Q: 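Here it is, the structure, as structure tokens.
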4 protein chains.
Amino acid sequence: MAAPPVVAPRKRPAQGRARQTVAAILEGAARILETEGLEGFNTNAVAGAAGVSVGSLYQYFPGKDAIMAGLIRREAQAFRERLDEAARAASGPPLAEAIAVLAATAVAHQAARPRLARILDFEERRLGLSGEAEDADAGVAAILSAFLAERGFSGPNAAGDAMHIARGLIDGALERGAVEDLERRVAAAVLGYLQLMSAAPGQEAPSPSPAERV
Amino acid sequence: MAAPPVVAPRKRPAQGRARQTVAAILEGAARILETEGLEGFNTNAVAGAAGVSVGSLYQYFPGKDAIMAGLIRREAQAFRERLDEAARAASGPPLAEAIAVLAATAVAHQAARPRLARILDFEERRLGLSGEAEDADAGVAAILSAFLAERGFSGPNAAGDAMHIARGLIDGALERGAVEDLERRVAAAVLGYLQLMSAAPGQEAPSPSPAERV
Amino acid sequence: MAAPPVVAPRKRPAQGRARQTVAAILEGAARILETEGLEGFNTNAVAGAAGVSVGSLYQYFPGKDAIMAGLIRREAQAFRERLDEAARAASGPPLAEAIAVLAATAVAHQAARPRLARILDFEERRLGLSGEAEDADAGVAAILSAFLAERGFSGPNAAGDAMHIARGLIDGALERGAVEDLERRVAAAVLGYLQLMSAAPGQEAPSPSPAERV
Amino acid sequence: MAAPPVVAPRKRPAQGRARQTVAAILEGAARILETEGLEGFNTNAVAGAAGVSVGSLYQYFPGKDAIMAGLIRREAQAFRERLDEAARAASGPPLAEAIAVLAATAVAHQAARPRLARILDFEERRLGLSGEAEDADAGVAAILSAFLAERGFSGPNAAGDAMHIARGLIDGALERGAVEDLERRVAAAVLGYLQLMSAAPGQEAPSPSPAERV
DNA sequence: CATGAATGAGCCTTCATTCAT
DNA sequence: AATGAATGAAGGCTCATTCAT
């Protein structure tokens with residue numbers, strides 16, 4: 001059995017310069033992952049890409065995994081913020097339109113740095129970050145959950161399923177280079193899922209009010 | 001630039017004993033990935049788990065990556081066979097029922113060894129195996145494509161999207177432990193996607209004949 | 001076909017400490033070759049003999065062959081310097097005496113660490129270092145060439161042949177333990193060769209001025 | 001300290017087929033050394049080049065070094081025979097001519113397979129074969145010694161020195177590609193050495209009778 | 001005897017981490 | 001605080017040798 005990875009940041013970088021250094025390291029890490037993949041992700045490479053020395057890197061992160069975790073948190077927070085904003089904007093329009101907005105947000109996020117997104121998604125599980133309270137996806141799921149609850153979809157899996165449907169579809173499409181009309185395809189997948197689940201007599205979700213249908 | 005990984009098998013194990021050894025190595029590799037993850041996947045561990053020496057391992061595989069590739073091929077072929085059978089069984093019934101059969105097949109496959117499935121999926125891209133003509137997902141996509149074409153869904157992305165929707169959903173659900181009613185959720189996601197895409201006036205797919213609707 | 005060996009040094013050790021480390025590694029390598037031969041020449045042994053860790057070794061040399069190459073360069077330069085000095089000292093006296101001085105230099109160099117000299121000579125060819133412009137033997141040959149040209153021996157092979165005659169004779173003598181009077185034997189071999197080649201009506205060398213004879 | 005290498009042949013191959021197998025192995029070894037060098041010289045490669053299995057190889061040779069030793073003996077004997085013949089033919093003519101014949105023999109032998117000759121020469125020392133009574137070079141030296149004694153050169157080093165002078169010169173010339181007129185250069189080196197050594201008032205060799213002078 | 005699959009010690013190399021400067 | 005040289009455990013791979021068939 002391997003010891004659980006150390007992922008806690010070493011210190012709260014309150015000062016401005018320290019904050020900048022941390023940001024530089026995370027961005028260096030992101031760039032390495034994008035260009036070299038998981039294989040090229042080593043502390044020397046990250047330090048080099050960040051323009052700092054390994055020593056400095058260890059000043060701010062207790063180990064390699066902590067850098068990974070920091071990067072995952074950074075990306076998750078960025079996505080959460082964008083999604084939060086999108087969800088607010090989507091609270092008025094009819095369901096189909098609202099879903100389209102959220103789908104577009106997800107596509108935009110993942111398409112910006114596809115290789116990075118995919119690696120972080122994979123690593124997130126290895127690090128067991130999904131268990132953390134202040135977790136990455138937890139925030140995303142919460143936003144989606146709230147959005148869906150408002151619309152009457154309150155099944156226990158609706159938010160999580162929607163998230164993974166979208167993520168899987170987008171990820172696969174980017175890999176294949178099949179990006180045409182991707183937002184619409186994502187929206188169709190999520191919306192189709194929600195409709196069928198609520199239409200069915202199953203135990204999953206209560207029927208939304210008819211007015212909400214597409 | 002990293003050199004492309006070596007993934008071709010070293011020799012064709014025609015004899016019985018050799019075939020057994022190769023099988024043992026692949027199963028050893030699978031077990032290591034399941035229990036130790038990608039981090040614990042090293043040639044000594046694989047050889048140990050397979051009950052053979054490292055030397056034997058290198059007799060049949062030119063390197064570490066080739067073992068990974070071999071395992072990916074093995075799993076892909078197994079899935080392809082199961083899916084092929086399911087697709088034949090599903091050629092008669094109405095669409096919804098047919099999709100349910102395929103969904104159940106996918107769930108069964110991925111749930112059998114979830115961690116393994118996820119890691120292989122990730123590694124497949126790193127190794128660039130998806131480019132191979134005779135490869136893993138290509139076969140799966142072909143089966144799906146044929147199935148969908150019969151039903152009138154011939155969009156360029158239908159098969160690929162369906163595959164990734166299902167994979168993403170199943171993978172995420174297994175990770176969260178949200179397995180209740182999973183087959184139905186997968187079927188709903190795929191079916192919902194297909195219906196909405198064909199219903200829309202977009203450029204994606206021609207409307208299937210009305211009789212095919214749900 | 002084997003890939004050409006990597007022999008370029010990894011970094012230029014400008015600082016004092018680094019220069020010391022590099023020197024220690026080369027001397028460690030020399031000692032291993034002397035005591036254990038080519039068979040015992042492995043990176044761990046070299047690092048151990050040098051009193052550094054393998055990691056440090058790889059900090060300065062990109063691989064095993066580069067250490068060998070570094071050692072070859074070190075020895076070649078040392079010999080070149082001694083020979084250069086000897087050649088200057090030998091520019092005045094009559095030919096026989098001058099040759100004796102050079103022969104003594106060669107004997108002294110090779111007898112100091114005979115096993116090392118022999119192994120380096122062998123390895124130099126494997127590494128293909130003799131092709132380098134600025135290299136090992138090139139310098140030695142150039143010095144000899146200049147010396148011989150001054151004396152009127154300008155055949156295309158005079159310098160190279162003299163070098164190899166001396167090297168072969170010294171090497172063989174040291175191996176047999178037949179060191180008595182070795183300098184004189186070497187001088188005789190070289191001088192005898194030069195005289196006969198210039199005396200002959202062949203196409204090799206122009207006759208030196210009569211005053212230069214013996 | 002390393003154990004002394006095992007070089008004794010495993011059994012006297014009396015039968016015809018066995019003798020053929022041994023010959024095949026030695027020739028396979030020779031070809032590997034010529035094409036791949038010492039680095040590519042491994043038992044599998046040799047067995048492959050010889051067209052036999054590793055198992056058979058170990059049937060006739062107790063280990064890798066024994067193959068090397070066997071090859072060294074084979075080449076030494078072949079050279080000895082040629083040289084012996086040449087020495088007989090050279091017993092009549094004047095010294096210069098006789099030396100020319102021997103030099104040509106040496107050049108022919110070494111030029112036939114230069115890389116092989118050089119590697120065997122190097123390995124011969126590692127294996128400590130020169131100590132053996134029935135040794136490789138011993139025979140060659142004996143032939144030369146007899147030849148030189150007949151001519152009045154009986155110094156203790158004459159034969160050995162002549163051999164190494166010739167070997168070094170030929171080897172170096174082949175390496176540089178400077179083969180023009182090589183026989184004459186070799187003859188000049190050897191003859192020049194002998195003349196000067198006997199002319200000198202030193203302790204090395206008695207003056208040969210004046211009639212023998214070139 | 002021949003075969004060649006299997007073995008595993010040993011060697012090359014990388015990289016996370018420390019620490020003297 | 002920052003630097004980057006040094007460390008050494010860990011892991012990929014080769015190849016001499018054995019032995020079951």
Side-chain angles (χ1 to χ4, degrees), chain A residues 6 11 15 17-18 21 39-48 51-67, chain B residues 6 11 13 15-18 20-22 39-48 51-67, chain C residues 6 11 13 15-18 20-22 39-48 51-67, chain D residues 6 11 15 17-18 21 39-48 51-67:
Chain A
V6 178
K11 51 180 154 184
Q15 279 88 356
R17 180 147 71 109
T21 303
E39 289 178 284
F41 184 75
N42 64 63
T43 51
N44 284 298
V46 170
V52 303
S53 65
V54 251
S56 291
L57 188 153
Y58 275 87
Q59 196 78 203
Y60 294 102
F61 294 91
K64 195 195 186 191
D65 282 340
I67 302 171
Chain B
V6 177
K11 54 169 128 173
Q15 276 82 2
R17 181 150 67 122
Q20 267 179 38
T21 303
V22 166
E39 289 179 284
F41 185 77
N42 64 62
T43 52
N44 290 300
V46 169
V52 303
S53 67
V54 250
S56 289
L57 190 153
Y58 276 91
Q59 188 114 134
Y60 296 102
F61 297 92
K64 198 194 183 191
D65 282 340
I67 303 171
Chain C
V6 177
K11 53 169 130 173
Q15 276 82 1
R17 182 152 67 122
Q20 268 180 37
T21 302
V22 166
E39 288 180 284
F41 185 75
N42 65 62
T43 52
N44 289 300
V46 170
V52 304
S53 65
V54 250
S56 289
L57 189 153
Y58 276 90
Q59 189 115 134
Y60 296 102
F61 297 92
K64 198 194 182 191
D65 282 341
I67 302 171
Chain D
V6 178
K11 50 180 153 183
Q15 278 88 357
R17 182 147 69 108
T21 303
E39 289 179 283
F41 184 74
N42 64 63
T43 52
N44 284 297
V46 170
V52 303
S53 67
V54 249
S56 290
L57 189 152
Y58 275 88
Q59 196 77 205
Y60 294 101
F61 294 91
K64 195 192 185 192
D65 282 340
I67 303 171

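Just so it is clear, the model here is predicted, and its values are computed rather than measured.
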Q: From C-beta outward on Val54(B), which listed nucleotide comes closest to its side chain: dT14(F), dT17(F), dA2(E)?
A: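 Taking heavy atoms from C-beta onward, the closest nucleotide is dT14(F).
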Q: Between dT21(F) and dC1(E), how far apart are the two P atoms, rounded to whole Å?
A: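 These two P atoms come out 22 Å apart once rounded.
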Q: Report yes if a side-chain nitrogen or oxygen of Thr43(A) is closer than 4.0 Å to either non-bridging phosphate oxygen (OP1 or OP2) of dA16(E); otherwise report no.
A: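 The answer is yes; a side-chain N or O of Thr43(A) sits under 4.0 Å from OP1 or OP2.
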Q: Please name the nucleotide paired to dT3(E) by Watson-Crick or G-U wobble geometry with both distances under 3.5 Å, or report none.
A: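 Partner of dT3(E): dA20(F).
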Q: Tell me: CG of Asn44(D) to P of dC15(F), nearest whole Å?
A: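 In whole Å, dC15(F) P lies 8 Å from Asn44(D) CG.
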Q: Tell me which nucleotide among dT18(E), dA2(E), dA16(E) gets nearest to the side chain of Asn42(A).
A: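 Closest nucleotide to the Asn42(A) side chain: dA16(E).
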Q: For dC15(F), which nucleotide in any strand shown is its Watson-Crick or wobble partner with both distances under 3.5 Å?
A: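 In the structure as shown, dC15(F) has dG8(E) as its Watson-Crick or wobble partner.
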Q: Atom OH of Tyr58(C) and atom C1' of dC11(E): how far apart are they, to the nearest Å?
A: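 After rounding, the gap between these two atoms is 9 Å.
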Q: For the pair made of CG in Leu57(B) and C1' in dC13(F), what is the distance, rounded to whole Å?
A: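 Result: 10 Å.
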Q: For dT3(F), does OP1 or OP2 lie under 4.0 Å from any side-chain N or O of Ser56(A)?
A: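 For dT3(F), OP1/OP2 do have a side-chain N/O of Ser56(A) under 4.0 Å.
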Q: If you assign Gly55(C) and Ser53(B) each to the DNA chain E nucleotide with the nearest heavy atom, which residue ends up on the more 5' nucleotide?
A: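 Checking each residue's closest nucleotide, the 5'-ward one belongs to Ser53(B).
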Q: Tell me, do Phe61(A) and Thr43(A) make a side-chain contact under 4.5 Å, heavy atoms counted?
A: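 They are not in side-chain contact.
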Q: Which base sits across from dA9(F) as a Watson-Crick or G-U pair, both distances under 3.5 Å?
A: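 Answer to the pairing question: dT14(E), which forms a Watson-Crick or G-U pair with dA9(F).
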Q: Can you name the nearest heavy-atom pair linking Val54(C) to Ala47(C), along with the distance?
A: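 What the structure gives for the nearest pair is N-CB, 3.8 Å.
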Q: So, taking the atom named CD in Glu39(D) and the one named CG in Asp65(C), what distance separates them when rounded to the nearest 0.5 Å?
A: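 Nearest 0.5 Å value for the CD-CG distance: 6.5 Å.
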Q: Is the shortest side-chain N/O distance from Gln59(D) to OP1 or OP2 of dC1(E) below 4.0 Å?
A: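 Answer no for this pair, as no side-chain N or O of Gln59(D) is under 4.0 Å from OP1 or OP2.
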Q: Rounded to whole angstrom units, what separation is found between the OH atom of Tyr60(A) and the C1' atom of dA1(F)?
A: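 The distance from OH of Tyr60(A) to C1' of dA1(F) comes to 7 Å, rounded to the nearest Å.
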Q: Closest to the Val52(C) side chain: dT7(F), dG4(F), dA2(F)?
A: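 Out of dT7(F), dG4(F), dA2(F), the nucleotide with an atom closest to Val52(C)'s side chain is dT7(F).
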Q: Could you tell me the separation between the CD atom of Gln59(D) and the OG1 atom of Thr21(D), rounded to the nearest 0.5 Å?
A: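 The CD atom of Gln59(D) sits 10.0 Å away from the OG1 atom of Thr21(D).
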Q: Quick check on dA2(F): is either OP1 or OP2 less than 4.0 Å from any side-chain nitrogen or oxygen of Arg17(A)?
A: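 Result: yes.
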Q: Lys64(C) NZ to dG10(E) P: how many Å, rounded?
A: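 One finds 15 Å between P of dG10(E) and NZ of Lys64(C), rounded.
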Q: Any side-chain heavy atom of Tyr60(B) within less than 4.5 Å of one from Ile67(B)?
A: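 Heavy-atom side-chain distance check fails, nothing below 4.5 Å.
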